[in-house]
There are 2 protein chains.
Amino acid sequence: MSSEHTHYPMPYVRVDLCVFTLMQGVLSVLLIQRQEPPHRGAWALPGGALRIDIEKTLEDAAKRVARERLQVPIPYLREQGFVGGQGHYESGKWAISIVYRALVRSEYFAPEPGKRVAGTQWIPVEEAIADEHLPFGHTGVIEAAAAALRQEVEALDFPFEILDSEFTLGELQHQSEVLLGTKLDKSSFRRRLAARDHLEPTGTMTQGSASRPAQLYRVKKRTT
Amino acid sequence: MSSEHTHYPMPYVRVDLCVFTLMQGVLSVLLIQRQEPPHRGAWALPGGALRIDIEKTLEDAAKRVARERLQVPIPYLREQGFVGGQGHYESGKWAISIVYRALVRSEYFAPEPGKRVAGTQWIPVEEAIADEHLPFGHTGVIEAAAAALRQEVEALDFPFEILDSEFTLGELQHQSEVLLGTKLDKSSFRRRLAARDHLEPTGTMTQGSASRPAQLYRVKKRTT
DNA sequence: TTAATAGTGTCTATCAGACATTATTTG
DNA sequence: CAAATAATGTCTGATAGACACTATTAA
């Protein structure tokens with residue numbers, strides 16, 4: 001009896017990135033303009049073929065995709081999910097997309113069109129979701145990824161990666177507000193944060209801020 | 001310039017199932033004993049190669065895997081996630097597992113060893129998670145899937161699929177308690193349920209129960 | 001009657017949001 | 001001084017859990 005995995009044809013496997021940032025106070029997602037078919041000229045999530053000949057993990061692949069397509073290194077990668085099926089990428093052909101999610105600081109993450117990319121663009125998530133024309137089912141992917149991100153922020157299971165290593169609670173609150181798209185109450189926000197017990201004061205304060213100095217905090221080292 | 005997806009070697013792609021049920025009041029997961037290498041003889045999640053030659057979607061693949069390996073049809077499939085990398089399935093080789101989660105009623109879901117399966121077994125989730133010897137990283141997969149399932153139940157975003165089409169609130173609460181592994185307060189459970197507004201009374205009551213008859217409920221049709 | 005479960009009401013602790021107040025800096 | 005933000009306190013409304021109580025059936 002033949003082994004179960006002998007010589008079945010395998011699908012085309014891609015790794016796609018859903019990279020979010022805050023642009024002018026709005027949660028935005030990074031799209032690239034495709035330089036190659038299918039959907040040449042269209043805007044879509046950055047992604048690329050999985051290269052099992054040169055990498056060992058899916059996360060490696062996601063990082064390489066960022067380097068190649070966007071010419072920047074990428075932190076904060078989280079597994080988002082998968083989509084696929086026959087005709088997912090090219091008509092009639094089988095393809096699977098493995099999707100990773102990221103959140104970056106736009107000051108430090110300046111994507112430049114790389115290999116097979118004609119252009120890059122941050123577009124507000126709400127616009128992206130409203131745009132039914134995104135290829136490869138990316139509209140749905142972005143919607144799901146943004147929901148997952150916002151749920152993290154609401155639970156204060158926060159991607160602290162996008163702040164400096166030391167930050168004030170005011171800065172943290174502001175980031176959260178922009179990510180969620182709503183105002184938060186200061187008192188309540190701090191109470192909830194304290195309950196999570198993930199932060200600790202550094203002992204030093206901000207200086208020269210034209211207002212009262214604020215305590216700086218850092219993320220506690222995990223005792224996992 | 002060559003197209004981005006020409007002739008890269010692709011990984012072996014599997015679809016694995018994390019099927020849960022309630023056995024004797026304990027949340028349990030279905031394992032199969034492998035009849036083929038790798039890990040011949042070991043117990044692991046049921047799964048199989050993606051067959052792009054005979055199916056069109058990943059969900060189709062998951063359903064076929066259930067038919068072939070377990071000889072039963074499967075309802076309630078949810079996307080769970082992915083794992084993979086070099087050596088994930090066979091030493092040195094690249095493989096990806098697409099994982100679907102399911103919850104079934106053990107009275108109606110009687111798996112029988114199918115193709116390449118030496119045996120099937122329900123084992124309590126806590127035991128499975130404690131067992132570090134499960135191959136293919138399935139320990140972690142089961143842990144994540146059970147957490148996702150329990151989160152659904154806690155939020156009363158409930159897999160009503162595992163109940164009869166008409167059921168009492170007592171039955172529903174009992175199912176939830178077993179899934180979560182904790183007792184719930186009746187009054188509070190009903191209040192939260194009412195707030196969700198997902199159920200409606202059928203108008204008829206249970207009969208012959210040696211205790212007070214209970215109102216039967218059904219799931220409201222979604223107005224999505 | 002008792003046993004069993006259904007169904008509901010009440011009390012309380014918790015917690016998040018609203019809002020006020022005081023503190024501390026620069027200009 | 002005013003303007004700005006930090007930091008904290010207080011009140012209130014919503015909600016979940018604990019618990020009690022009544023209701024309705026079979027045996």
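Predicted, not measured: the structure shown is a model, and the values here were computed from it. Residue numbers start from 1 in every chain, and the chains themselves are labelled A, B, ... in the order their sequence lines are given, proteins ahead of strands.
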**OP:** Quick one: sort the B/Phe136 and B/Tyr89 rings into parallel, tilted or perpendicular, breaks at 30° and 60°.
**Re:**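 Answer is parallel, since the angle falls under 30°.
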Which pairs, protein N/O on one side and nucleotides 8-14 of chain C N/O on the other, fall under 3.5 Å?
residue : atom : partner  : partner atom : Å
C/dG9   : O6   : B/Ser187 : OG           : 2.7

Subject >> Residues in side chain to side chain donor-acceptor pair (under 3.5 Å) contact with B/Thr202, at least two apart in sequence or another chain >> reply: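 Here the qualifying residues are B/Thr204.
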Original post:
Partners of B/Asp164 by side chain to side chain donor-acceptor pair (under 3.5 Å), sequence neighbours excluded?
Top reply: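 Listed in chain order: B/Arg105.
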**OP:** Can you see which heavy atom on A/Val117 is nearest to which on A/Arg69, and at what distance?
**Re:**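 The answer is CG2-CD, 3.5 Å.
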Original post:
Any idea which heavy atoms bring A/Arg212 and A/Ser209 closest together, and the distance?
Top reply: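 Looking at all heavy atoms of both residues, the closest pair is O-OG, 3.9 Å.
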Round to a whole Å and report the spacing from [atom1] of [X] to [atom2] of [N].
| X | N | atom1 | atom2 | result |
| --- | --- | --- | --- | --- |
| B/Phe167 | C/dT5 | CZ | C1' | 18 Å |
| B/Gln173 | C/dG7 | CD | P | 11 Å |
| A/Leu180 | C/dA16 | CG | C1' | 14 Å |

**OP:** In sequence, state the C-alpha distance, the side-chain angles, and the governing distance for A/Phe20 and A/Phe109, and then conclude on ring pair (Phe, Tyr, Trp, His ring centres under 6.0 Å).
**Re:** CA-CA 11 Å; A/Phe20 295 105; A/Phe109 190 89; over 10 Å; no
Subject >> Results of side-chain contact (heavy atoms from CB on, under 4.5 Å) for B/Leu156 - residues two or more places apart only >> reply: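 Expected list: B/Phe189, B/Arg192, B/Leu193, B/Arg196.
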**OP:** Output the distance between atom CD (A/Glu152) and atom CZ (A/Arg101), rounded to the nearest 0.5 Å.
**Re:**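 A/Glu152 CD to A/Arg101 CZ: 4.5 Å, rounded to 0.5 Å.
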Original post:
In Å and rounded to the nearest 0.5 Å, what is the CG to CD1 distance from A/Leu45 to A/Ile142?
Top reply: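 If I round to the nearest 0.5 Å, the distance is 4.5 Å.
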Distances for protein N or O near nucleotides 24-27 of chain C N or O, under 3.5 Å:
residue : atom : partner  : partner atom : Å
C/dT24  : O2   : A/Arg212 : N            : 3.3

Subject >> Outermost DNA chain D nucleotides near chain B [under 4.0 Å, heavy atoms] >> reply: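 That gives a stretch of D/dA16 to D/dA26.
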Subject >> Contact nearer the 5' end of DNA chain C, comparing B/Gly170 with A/Leu184 >> reply: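 That would be B/Gly170.
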**OP:** Could you tell me whether the side chain of B/Phe167 reaches within less than 4.5 Å of the side chain of B/Leu199, counting heavy atoms only?
**Re:**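 The answer is yes; the side chains approach within 4.5 Å.
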Original post:
Do B/Glu177 and B/Gln173 have side-chain atoms, one donor and one acceptor, less than 3.5 Å apart?
Top reply: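 B/Glu177 vs B/Gln173: donor-acceptor pair found between side chains.
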**OP:** Could you check whether B/Gln215 gets within reach of a base, just the sugar-phosphate, or nothing at all, counting any heavy atom under 4.0 Å?
**Re:**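 Answer is sugar-phosphate: B/Gln215 comes under 4.0 Å of backbone atoms only.
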